[in-house]
Amino acid sequence: MRALVVDDSKAMRMLLGRQLRQLGFEVGEAGDGLQALEVLRAESQWSVVLVDWNMPRMDGLSFVQEVRGEPDWAGIQLMMVTTETETDQVVRALEAGANEYLMKPFVGGALAEKLALLGVLAA
Amino acid sequence: MSLDNDLEEVVHEFLVESYENLDQLDRDLIELERDPKSAERLGSVFRTIHTIKGTCGFLGFERLEGVAHVGESLLSRLRDGRLLLDADITSGLLAMVDAVRIMLARIESEGNDGEDHYPSLCARLEALQEEVAASARPAPHEAESMMETGSPREETPFSTEEEMSEIETTGVATPAAPLPVATERTFSEELEEGRREGADPEVRSSGGVAESTIRVDVHLLDRLMNLVGELVLSRNQVLQHTQQRSEAGLAATAQRLNLITTELQEGVMKTRMQPIGGVWGRFPRVVRDLAVTCGKQVDIELDGRDTELDRSIIEAIKDPLTHVVRNSIDHGIEGPAERLAAGKSATGRLRMRAFHEGGQVNIEISDDGRGIDPEKLRERAVARGLLTHEQASRLNDREAIQLIFLAGFSTAEKVSNVSGRGVGMDVVKTNVERIGGMVDVQSTVGAGTTLRMKIPLTLAIIPALLVTTAGDRFAIPQGSLLELVRLESDVAKRAVETIRGTRVYRLRGELLPLVDLKHMLRIPQESDTGSEAVNIVVLQADGRRFGLIVDAINDTEEIVVKPLGKSLKALSSYAGATIMGDGRVALILDVLGLGQEVGLVGRSHDQGVGAQARTPGEAGEAGSGDEAKATDAILVVGVGETGRLGLSLSAVDRLEEFPAERIEISGGQEVVQYRNDLLPLKRLADLLGNSLRASSDGEGAGVLQVVVCSRDGESVGLVVDRILDIVEENIELRRRLSQPGLLGSVVLQGKVTDLVDVGTLMDDLASDTPTRVAA
Amino acid sequence: MARQYATYYLGDEYFGVEVKQVQEVLRYQEMTRVPLSSPVIRGLINLRGQIVLAVDLRRRLGLPDRPEGTLPMNVVLQTDDGAVSLLVDRIGDVITVADEDFELPPENLRGVSREIVRGVFKLDGALLLVVDPARVLDFERRAETLAA
């Protein structure tokens, strides 16, 4: 399984990447929405994309909209990564086509749980 | 908290990016003080703190998270327009940023965020949001109407999360526009756009753009730069070969290669370019803090912060810039009372301006302070013994102001908290000149001071003049080149005069000291006929001019500067090497180093503003007099067990070591092969008589310590046992010696030292009658 | 353990340097002299765009210069200070030697040689002197240019 982490903070990407690898994922990274789109175009077979909300150039919401506008990518699961101060954003992300959301900071099994919900992780 | 290796990496990255973001945040906060409603900047500040807080949650830095959390709440109110930024809030936020920095530093050094919860800071930040919340002006209505009319949105505080997020993401002031969609643009267009955005201070301040550019390992950039350098060389070679053939097809291809290479070179050089704003960004904060410390009010204005420079150059000018700014606030700008009394506004202005001009970057730092009084500088220069009273009085005001660049001028001044630290303007000058730049200062008493730096764009590929001397080619960076003069042989005989051993040429009425590159580099003179034309390259280093005589002046070319290895770094005459179109290596001359080498340019003290101001007629005489004094240093060597001899350093060329096996005998004289010539050796122990001779043949005889002295192209190697020291003292002969080859005895460092008469030794050598002084 | 050494000659003396330190071996290359530098430095070579310092190993060892008209060969080494070429008389084979044949330099080895020769391999009918590249380059301590 391949997971793409989209976040402008490299520290966050490293943190998420680390947890995903422990769960057996092959992990890719992108620093913002535009870069993530490049990655999706260049390489196929991404199972899930974890997207930060606040990003320069192209933020998480626009990224979700972009991905959902491309039929080839319909199979990709999108997970919004937000914080508790951004609850209304979650709603908007889900409306735009995100499949799940994850609140920062997530602890313990939260990430695995959500991934299992998406069906990209064998429980 | 202990960290495993894996997490350590994450923490490292967290620190790097947090520091970067905080630098941006400082700038934003200062800007916001001026324009409290700037939505972009508020968004940027918010995001930085937000990200720090979010990451802390994962890393277990609870105290940092706590402080960031309170800051974030305050910022979210500001961002949403529920609160208007004022000086109190700015100070509060700056205090928070300081606390965050302290905790980050602690994380860096100890791996944890410390014990301090910063309760009073948190209380202060909380109070700030409560207190002003009531009085804040809610403006949803205003915002709506603004949107309808499409007025610039910066003027409007925002009320809803939705608008805010758009601003953050687009960073463009078009409220109703959809989010940018990039599907139709090529990747390279994206990149180009990214670069442009990165260079635009307005958009940059939205916080994201610095992050949206791709991070590239500096080493990769350097490697690319090297490869492009190679390509430029190959291109030059191809072009050279092409010129010798006449195939139309080849010529066209070569031409195309030429164009592509140039374009690629420019492109890669651009990737190394950074806007100067990166360095400038910290000045608003520096200025604010300094002004507070000094009890002054200072507004800073930054102009042209998108002006780009090579990253290596930005690194090099950071400190000089800071120093100049500190100086301006500390010494330039007056306190409010003094300013008001002088009929100025209470708040001083500091302006930093950067712009491109003629392939160089100009940086100006000007203040509207009290200016520099040339009369005071003259007095101080005399008081410090840097100039004689007469020399000082001959300086015009403009020249006198340049005195601040003299070593030992500003450093000994009253050391204040601010610009103290023992760094003078001479260091600023040296640092800027080291990278091929120039500094100049102008000042009007009562009105202010402007300091100007001219700096090359890049160091890696430079235009250079190629010259030939003794069959070798050398490259001279064009930055130090003033003009070229060619004197036909008959003219040269008249026009080149000799004043006390220094050759000079009267260039438009001014005396230009001349040095022969061959002589400077001690390349053995082949057959100097003296009847040929003289080619003079007029150079400027450290504000002084001199003429370099070369055999031939070839061409100008873009050259790729390659550093010299450690083994050659000590040679100050070279700035590096480059590869020519024919594939051979050419050395790049370091004009400043050459100037210092021949004593035409001051090393530190005698930077010779005085000499500049002298009238032409006496320049030569006064100049050589000064130099004799300045270089009146003595090389102290040891001979035998106790013998101490002194040699005037001005007679000494170099210190060498030769394996004893290399000594050969030629015409009864010990010699070694040295620089394609035979170097006659003289054992200084002989001068002192037999008693001391014996021990010098003992230990250490495998390697000879040799002091090479030269005069008129003739050299002699003086064999000593030890190099002891170099001392600069006013010497006084205590005892004249009858011993040939010795001048007399002096006391140096409390010990009797015999001074060697190098001149006599060389005379003897020249007349080919070796002295037999051993008794 | 066995190691590979690139070998070369200065006169009849047989030298070697570990193969992994050698970038390449070249015939004579044109050089640009560096005025004011140590006599040990013969010049700079352009090796495919890389600037290589050429050190005359004869001079470094205090041996007489090679006769006029004889061109040296280059043994180009990778060092911390970039690529450096040792100018030698002749190139020998790459040989494999065993660690147990290694000995410290003999007592009778003369001054400079002793300084830069790390040790000796006793081979059948020959002694292979192992030169330490770092020590070869450490000749500038005293030779810095003085104020003229």
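In what follows, every chain begins at residue 1, and chains take the letters A, B, ... in the order their sequences are listed. For the numbers below, each heavy atom of this structure counts, side chains included, while hydrogens, waters and symmetry mates do not. Bear in mind the structure is a predicted one, so any value in this text is a computation, not a measurement.
- Heavy-atom contacts from other residues, nucleotides or ligands closer than 6.0 Å to CG of C:Asp99 number more than 12.
- B:Arg584 CZ to C:Asn46 CG: the interatomic distance, rounded to the nearest 0.5 Å, is 10.0 Å.
- A donor-acceptor pair under 3.5 Å is absent between the side-chain atoms of B:Arg662 and the main chain of C:Pro64, judged by distance alone.
- With C:Pro35 as the partner, the side-chain contact (heavy atoms from CB on, under 4.5 Å) test is satisfied by one option alone out of B:Ile523, B:Leu517, B:Thr469: B:Ile523.
- Within 6.0 Å of atom CD in C:Glu30, 12 or fewer heavy atoms from other residues, nucleotides or ligands are found, so the atom counts as exposed in its surroundings.
- Minimum interatomic distance between C:Val34 and B:Leu587 (heavy atoms only, all atoms of both residues): CA-CD1, 3.9 Å.
- Considering every non-hydrogen atom in both B:Arg522 and C:Leu36, the closest pair reads NH1-CD2, 3.4 Å.
- For the pair B:Tyr574/C:Ser37, no side-chain contact is recorded, criterion being any heavy-atom separation below 4.5 Å from C-beta on.
- A distance of 5.0 Å separates CG of C:Leu53 from CG of B:Leu568, quoted to the nearest 0.5 Å.
- With rounding to the nearest 0.5 angstrom, the OG1 atom of C:Thr32 is 7.5 Å from the CZ atom of B:Arg473.
- Atom CG of B:Leu564 and atom CD1 of C:Ile51 lie 7.0 Å apart (nearest 0.5 Å).
- Summarising the geometry, atom CG belonging to C:Leu47 is positioned 9.0 Å from atom CD1 belonging to B:Ile579; distances are rounded to the nearest 0.5 Å.
- Looking only at heavy-atom pairs under 4.5 Å with chain B, the residue among C:Gly43, C:Pro39, C:Ala83 that has the most is C:Pro39.
- Shortest non-hydrogen contact noted between C:Gly62 and B:Pro659 is CA-CG, 3.5 Å.
- Contact annotation for B:Thr578: only backbone heavy atoms (N, CA, C, O) come within less than 4.5 Å of a heavy atom of chain C.
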